[in-house]
Structure formats: C-alpha cells, structure tokens
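Below you'll find the structure, written out as structure tokens, and then a few comments.
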Amino acid sequence: MPREQHDGTSVCNASALSLRDRLLPSHLLGEVLSKDWIDTLIPTAFLGVTAVALFILTPGFFAAASLSDLSRVLGEYLLVGMGVAIIMIAGGIDLSIGSAFALCNFVALALVFKFQLHVALAFPLTIAFGIGLGAINGYLVGYRRLRAFLTTLVTLVIFRSIFDLLALNYSATLLQNYQVNGIALWDFMGDGEILGLPSSFVAALLVAAGCHVYLTRLRGGWHVQAVGGSRRSAFNAGINVRRTVAATFMLGGALTAIGAFFFAARLNTAGSSTGVGMELIVITGIVLGGISLGGGRGSIAKALLGMTAVICITNGMLRMGLASGGSSMVLGAVLIVAVILDIRWAKNRHKVLARNYVAPVRFVMPPLVDSQPGAATPYAMNQGLAGVSAIGLRQLEGPEDVILDEDDHLYTGTRHGDIVRFLAPDYSRQEIVAHIGGHPLGMAIDRDGSIVACVAGMGLYRTTRDGEVTCLTNETNRSRFSIIDDSKIKMADDLDIAPDGRIFFTDPSVRYELSDWLNEALEMRGNGRLICFDPRDGSTRTVARNLIFPNGVCMTNDGQSLLLASTWACRILRYWYDGPKIGQIEVVIENLPGYPDNINRASDGTFWCALVGMRSPAFDLMLEMPKVRERMIKRVAPDNCLFANTNSGCLIRFDAEGRVLQSLWDPTGEAHSHVTSMREHKGRLFIGGLRNNRIGMIDLPEAGQDWSGYRSYWGDAR
Amino acid sequence: MTTWWQRWRGIGGASPAIPPLDGPYDANNALEEGDALLRVDAPDNLFKVGGQLQFTSGTKRMAIIGPGEAVLVEDHGTEITAAAGDGGDSGVVALSGGTLLRVGLRPDATSRIGTLDGDITALAFDREGAILACIGSSKHGLGAWTRDLLEKRREGSLWRLDPRTAAATKLSHGLAYPCGVLSLSNGSVVVAEAWRHRLVEVLPGGRTKPLASDLPGYPARLISADGGGAWLAVMAPRNQLVEFVLREDEYRNRMLSEIDPAHWIAPSLTRARSFLEPMQQGAQRSLGTLKPWAPSMSIGLVIRFSHDWAAQYSLFSRADGTRHGIRSVLRDADRLLATSIGAGEILSLPLSKLGERI
C-alpha cells in the first residue's frame, strides 16, 4: 500500500492540485462576488475614474488648497446625502431637501443674527427645526401612507415658497447686524480646521461613523433595512413600519439642518438660490453609490463614495468653465448610467455569482479497481447484503447514521430534524428523543451515554438520554486569509470522541451547504476540514484544512489517531491527534472503487466503512478536465449533471494498516440500495442511508456476539 | 464570430437545451400499462408476411402464433438488422453486412436479392413494389450506433432497389443516421434522421425537406397510421448531458478512446444496469424510489403524427419504467404492437384506448 507523509495542512492539495490550479486561485473570484461589500466596488471604481479624469482635465484640482475648499463643501453635502441615503434605504425618497436646506439655513441665520442666540443654542434649535420639517414628510409618508415621491415634491414646493417669502421680506434686514453670540464657534464651524481637515468634513465623518453603526449594528438600523427590503415582511415580523419610515424622514431632516448650519456659518447668506438643485446632486450621488432606488440595499460607505464622486464632477466642471446647463446635463447623464447599472446589477448579481462560484480543479483518479463478480480483488461483488431486513421502512426519512446504546436501543437522525429511538429488541416501536431542527448526520455516544450528533447547517449538538439538547459548538476559529467567512460550521458531517473526551468532527465544505454537495463533487478542491471541540475548556479549533470532502471519522484503538474518509478523493486518511506523530496525516487506503462515507469500529479491532456511491469511468475522466466540469455546471441543469453513482454502494471492512478484508454488496439495489453508515452491535450490523427510507439490519455470525461500541470506547464505565 | 460567441457563452447552437416533454410529448405511462404479448430477448423489426406477424431477435426470424407464443421461422446465422413486409406474401430481411433476402412464411421461401455496402437500418416497400433501404452509416455497423452518434457522423444513405433487376440506386446521402423509412401513398419518401432528431422528405435529386423537427428523442422505425399520418418509434431520449458531451470535443474523444462503450455518456436502449454507467444527479434514488421524470439515457417512446406531420400524442415508458428502447412498431387490426429491447418484450396496445388520450 503506497504511503505518503504529509503535514496536516496540505495533505490533499499537495498531491492533487496541479501547478496551474495552485497558482491560479480561480475560486477567489466567486468568493469575492459572494461578499456583500462587492456592491461598493462599482462606486469605488467610478470614483477612481473620476479622480484620474479630473487630474488630467483640470490642472491644480488636487492642490491642497483646492482640496480643502472642496472638502468643506463636500462635508455639507455628505451630511445631507447621508440623511437621504437612510430615507432611501428605508424605501422612501426625499425631494424636498433642497428647500428644507434653504429654510434651515434661513432659520440658523435668523437665530444667530436676528435673535442673537448663542451659537451653541442656535445649533440644536436649528436641528430641531430640521427634524420638524422632516416630521411633516414623515407624518404624511409614514403615518398617512402617501407616496414619498409625490409628498416630498409637494413639500419641496411649499418649503421653497415659504423660504422665498421669508427671503423676500427679511433677507435685507437679516444680516444688518453682524454680531454673533459665540463668534469663535461660529467661525470655527464656518472655516475652522481639525488636523488640516475642514470642520464640516470632520463633522460629516463623525456622523458617517454614527450612521454606519446605527445601520449595521443597532436595532433601529436593522429595522430601516428590513422595511426597505420588504415592507410587508417587516410588518409581519412585528416591526412598526410607519414609525420607522417617519423616523428616517426626521433623521434626514436633522442631518439636513446640520449641513445647513455649516453652510450658514461658512457663507452667512440667505440668497434665493440656496439649495436649488441640491436634490438632483444628492440623489445622483447616492444612486451612483449603489443605493437602490427600491430600498433595502445600501450602506453609508456607498453614499459617501457616490456623493464624493458627484461633488468632484460638479466642482471639476465648474473649474473647467462649463455653463451651468452643461453641468446639469453631465450630471443627468451620470444619473441615467447609475440607474441603469443599479437595476442591471441588482437583477443579475446572483446570476453572475452562480456562474462564477463553482471553480473546479484537475484531479487524476488512479485506474479503477475491478469490482465485478469473481474479480480477484476484495471488492468483488457478492450477495452479502441480500439478507438485510428493514427497520422503520417508510417511517424514516434520511437516517444518515445509526448508533446503539448499551440497552440495545437504536438511535438515528431524520431529515425532519429529530433524533429517533427504536426500542429493542425488535425495533418495531419508535419514539422521538429530541427535536433539534437540523438534519442530524454522524453520531457518537459519549461516556455518559448521551448522543453527540453533527447537525447539517447547525453544528455539534449533544442530546441526553432524556432528550435534553445542548449546542456544543457551531463555530470555529476563522482562518486568517480566507475571503469567505469560514468560522461558521456549514455541514458538520461525522464525529468521534477521543478517550480524553475531545470531539473530532468533520466539516466537508467551507464553500457549500449540504444541499449543494454536487458542487463539492464537481469542484474537487480541498474545501473541507477536521475540527476539534475540547469540552474541557469549551474551545473549538480547526486542526486540519484543505481536505477533499472529509466525511466519516473513527478513533483507532491506539488512543492517538483517528481514521478519516475523504469522500470524493476515494481515500481513507489517518490523522494523529496525540503521540509522536501529532498533527500528521497519512493516506491509509487509496483508490477505493467508491466514495467512502462513515467509518466505525468492528468487533475484531478492524473498521467498517460505507461506500456511499461507486465510481464510474465517465465521471473519473471528467475529474481530469476541470474546464469541462465548469462548463457543465454553467450550461447543464443541476439534475442533468453527471454525478457519482449513489444508487448502489457497499460496505467494506479494513484494518488500520489499510488492508481491505471484506466487502458486502447488494448489486441490484433491491434489498438496500443506498448506504452512508453502518454500526456493528452484538453480532449484528445496522445500516443507515442519507437518502434512504429505512435502516437495514443484517446478522454477522462470525463477529463478536456480545461486542458493543459503547464498551469498546468506554469500557464498563456505566 | 457569432458561433465563437455562442460557444463561449453556451447559447444558441452551443446550448445543450433539449425540447421539453410538453404538448404532444406530455409524458404518460401508456407503454408501461400495455400488455406484454411476448417475452423474448432483444425483439426488433416487427413486420407482416402473408398475414403472419414476424419479428427478429438477434439472428433469428420468428413468428407470433398467439399470446405469449412464438415459433422460430428461420435462423439466418447473422445478425438481422432490418425487415419489412410487402403487404402480400413476402417480405425482405437485411443481415448485418448489407445482404438483402426475400423471405416468406417458411424457410424454403428465402432467396437472396443482393447486397448493399453497410448495415441496413430500415426497410420499406414503395407503391411500385421497389425496396427502400436505409444505411445508417457507412462507417459503423448497427451495433456501434452510439459511436456513430458521438463521432457526429453524417454518413447515412437511402437506396432504392428495383423489384425485378435488384439494381440499386442511391436516392440520397449525407443523412444523419437514417433509421426509419416510409413510402407514402402519394409517392413521397419519408426518412427518420436520428442524429438530427427529425423526419425529412427525400426529394428527387437527393435533397431533403424537414417534415417534423426537434423531436425529443432519436427517431427509429416509422409506419403509416390509419387515416393518414404515422407512428414513429423513438429508440432513445435526447439528454442534456449527451448534448453537452457532443459539444465537448476533447472530453468526448478521450471517452471514446479510453472507456468501454457500455459506460459512455450516450443514449441507450436499456435502463442502466451497472454502477459503472454514468449517472446524472437527478437520477439518484431518494427514499427508495426513482423519480419517473429523472434524467435518463433510455426511455420508451412512440409518437403519433397526423397527416400533416404534426405530433399529436405520445406513448411513454419513463425513467422508472422498463419498457425502453422501442425500435419498431406495427399496426395489427385494432392494436399497436411495439418491440422493447430494454424489457425484452413485445407490447400490445389497443388502438381504441390510445385514441381516448387525445
């Protein structure tokens, strides 16, 4: 038997991945595309292009003084923009901000100059006024449920006409008396700097940090995103939709007022053109940033990026001396492009991801071993499973693993998320021990007699004999350089318990859920890992990575190592968790004729392994051609894709040295067609199957008639 | 440029899409529900001689004498590839290699007509009594039909043999595995072009005109139906995976050269019998059952065409059935007979009951 020594982190990739696949991490594209922040790349790229264009077209744009001026204006716009962004994320829109901005500016000037209030008092009052304006919109849109677009169009006109009336009557007398209570603060807000950055810009950054935390970390922000994503679902989930919508308008009003106050302090003017066309610039910027007009999708970072790009463009065009009509035209064109991109991207993003996520690599299988009847290999087909009898036929769905306790009761998991107990001696009666909620796969019994199970999509769970369920672990340490978050345990599959109580279990894929295991078979990338949960300190650590679909786990009898099935690679590995070879992985059996699943102890010190499916030459050949598999995934419907044959399988028995001693077959698939696990207990073998509707039971006359798994692991502890 | 783009994107001609089983191809279990008239190994080529129902099984020509009963008429010693009756007391049989024999009710009526170059896949008589013969492929024999498909051969031909002189004239060539032929009462000749999934009319000069295109399977033998129209036996279904492999030259060539033909990704006349045969994901057994709509390399399918070559309805044996690989059909009084190679059965389906389906 060929034996290779590897270090624990690269056992499969070292021998399987070709140079091309190692140098070209083709799976990264799909992983990057799957991240939420990928949406932000478009505005970032646009901003980059804009910056380069401005650098070329308008000399001096990036001079320090110019940048300082720009960022002072930008700060005010960003403040207003973030408010509108939050309103839009909640599914609304605010066209009245330009007018509200003008009114707030007027009110700020009036408070400071006309009424001679201290600036520190005028500031919150102006904000309160802004909130009031927002509340009008909020009441109409949120509580009266008017359309946001029409409502704010109306308030745009009303606010503007109020401002025009006020400006007409009072603007001449407003600034007659240039005396300010708190002039230092007023000047600081107008043209002060902190660390070389204009005060308004610093304020905008602070507000941005706050808004970001609000949207992503606080309950209110989550409500905003939920309402924008789907009003009805949010309502059904118990969120106060009306209040949430109204609150976003009030928040928008407050931010508009802050921006207006900085504007007032900078320019000290209530000119009639204040805030005219502001809504166009702000909405263009936000949409350009990738905040969806339909709501539910967006972030503060996107708003900042888009706004910055647009302000740079308008400012740049001003410097280039474009007529104001031309400037609006460019802005309009940018808006159109942004809206088209927004819609196309939202619509097609999942398609782009689906087409690019699966990234197969080349894998060369050794020549297939002959398993035809009469072949001179241990795999020669026989009728070994012909006498199998069925337990729970048509009452069970998906008993992936089976296990027996010392009282001979039989336990299994079902796809309904239950742990079921079949009662000895005839196993005709069953009862539900516990409902976990996810599909329990591999199982083990610990020293106390509790069932420890790997639950697909959930993690590692322990169920006592009375049915009390506790989650042992559902996350592990995140690897340092992975793009996708691999801390979550996606597909916990099988486990076994070391004599010291440590639980070793497999997570076959960090990239796919259990339902997508076809993709794992087609990808052949080492996406799986072996994880150790230590009950002594409650810690969970990944101990081996880059394994090709690690599946069954079984402790050997030396107390230092465990056996590990690498399903799609058709190998059985041995991992040392203790002793002199600690951390090493060694290939025990290579080139199985089928795909190994669960491994369990046999009574004579050897091991049983279930082959969940058999290799076919057509599939083996395709494994050598990753591009063919990639095109197949893209072009052929999943149900029509070539797959490993899981309709027939067999059980094999082998020893720790890798000698295969026996195989049990049901060649026609009539008696027991699909196997994923088996458990020997007191002279009988119990057989489970992930997609089966029964548990098989067969007598083993030559096996130890009073041998049980529990005593093999824990002696007579109980 | 267009084809390059299509190939890169997998659209248009490069798409492995297959026609949906809908409308006239709405799936049913009619073939599974039919009676088994006879169980026999690899039945094929149903035809009528002097009022007797004859068929072939390997090298043997046999006659049905009653339900469940058949007698050997003659063992020709060579694989019989096609047969047809002239409507009277004689018929014609083709042996592997291209030998044509005139046959009757008894072995002593057999006489040699002549030889064509290649395995004859279908025979028929035209209204003047001449023999129409299809050669599926000049490269591969009948047994290597999957290789012919996977090599994308278009090397079939249609011949006419004069009833008196036995002189052969080539009516058309460059056909994509013609596997069925029918002479209509108006004198036109219809051929089933298997690899192009269509029925064509062969025009004078050898050109063809499509009558029915984009069939959901590979068409085989064709017979006329009462009241105009025709019955078409479809030997195997089209399959997205096969269509995909047909567009993957490198993979296909390696498969052809490295893998046993029985384990190719290719249509089949029988249900998968070994785990070494390719399996598609949707064909996984779940909870002990195979879905009838699971993707399959084999299927049982007979299509009824109207007089204007519109498909009207179909008879199916689906993925979970066994009566797959229907290569010949025959009308006998009020019933339709069909030979299923996959199940090794000759099926009898009452025509009156089939009519109720529409």
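Because the structure is predicted, anything quoted here is derived from the model rather than measured. Here is the naming used below: chain letters follow the sequence lines, and residue numbers restart at 1 for every chain.
- Contacts of B/Pro278 with chain A are made by both backbone and side-chain atoms, with heavy-atom separations under 4.5 Å.
- Using a 4.5 Å heavy-atom cutoff, the side chains of A/Asp620 and B/Ile259 are not in contact.
- A donor-acceptor pair under 3.5 Å links the side-chain atoms of A/Asn647 to the main chain of B/Arg285, judged by distance alone.
- Of the two parts of B/Glu248, only the side chain, counted from C-beta on, holds a non-hydrogen atom closer than 4.5 Å to a non-hydrogen atom of chain A.
- In this structure, the side chains of B/His263 and A/Leu621 stay at 4.5 Å or more apart for every pair of heavy atoms.
- With contacts defined as side-chain heavy-atom distances shorter than 4.5 Å, the pair A/Gln372/B/Leu276 qualifies.
- With a 4.5 Å cut-off on non-hydrogen atoms, B/Ala283 touches chain A through its backbone but not through its side chain.
- Side chain of B/Tyr251 to backbone of A/Arg629: no donor-acceptor contact under 3.5 angstrom is found.
- For B/Glu250, the parts sitting under 4.5 Å from any heavy atom of chain A are the backbone and the side chain alike.
- Proximity to chain A is limited to the side chain of B/Asn239, based on heavy atoms less than 4.5 angstrom apart.
- Enclosure of atom CG in A/Leu393 by more than 12 non-hydrogen atoms of other residues, nucleotides or ligands within 6.0 angstrom is indicated.
- Separation of atoms CZ (B/Phe275) and OG1 (A/Thr646) is listed at 13.0 Å; rounding is to 0.5 Å.
- You'll find the side chain of A/Asn692 stays beyond 4.5 Å of the side chain of B/Leu287, heavy atoms only.
- In this structure, the side chains of B/Leu241 and A/Cys641 stay at 4.5 Å or more apart for every pair of heavy atoms.
- At least one side-chain heavy atom of A/Val628 sits less than 4.5 Å from a side-chain heavy atom of B/Phe244.
- The OG atom of B/Ser286 sits 8.5 Å away from atom CD of A/Glu397, with the distance rounded to the nearest 0.5 Å.
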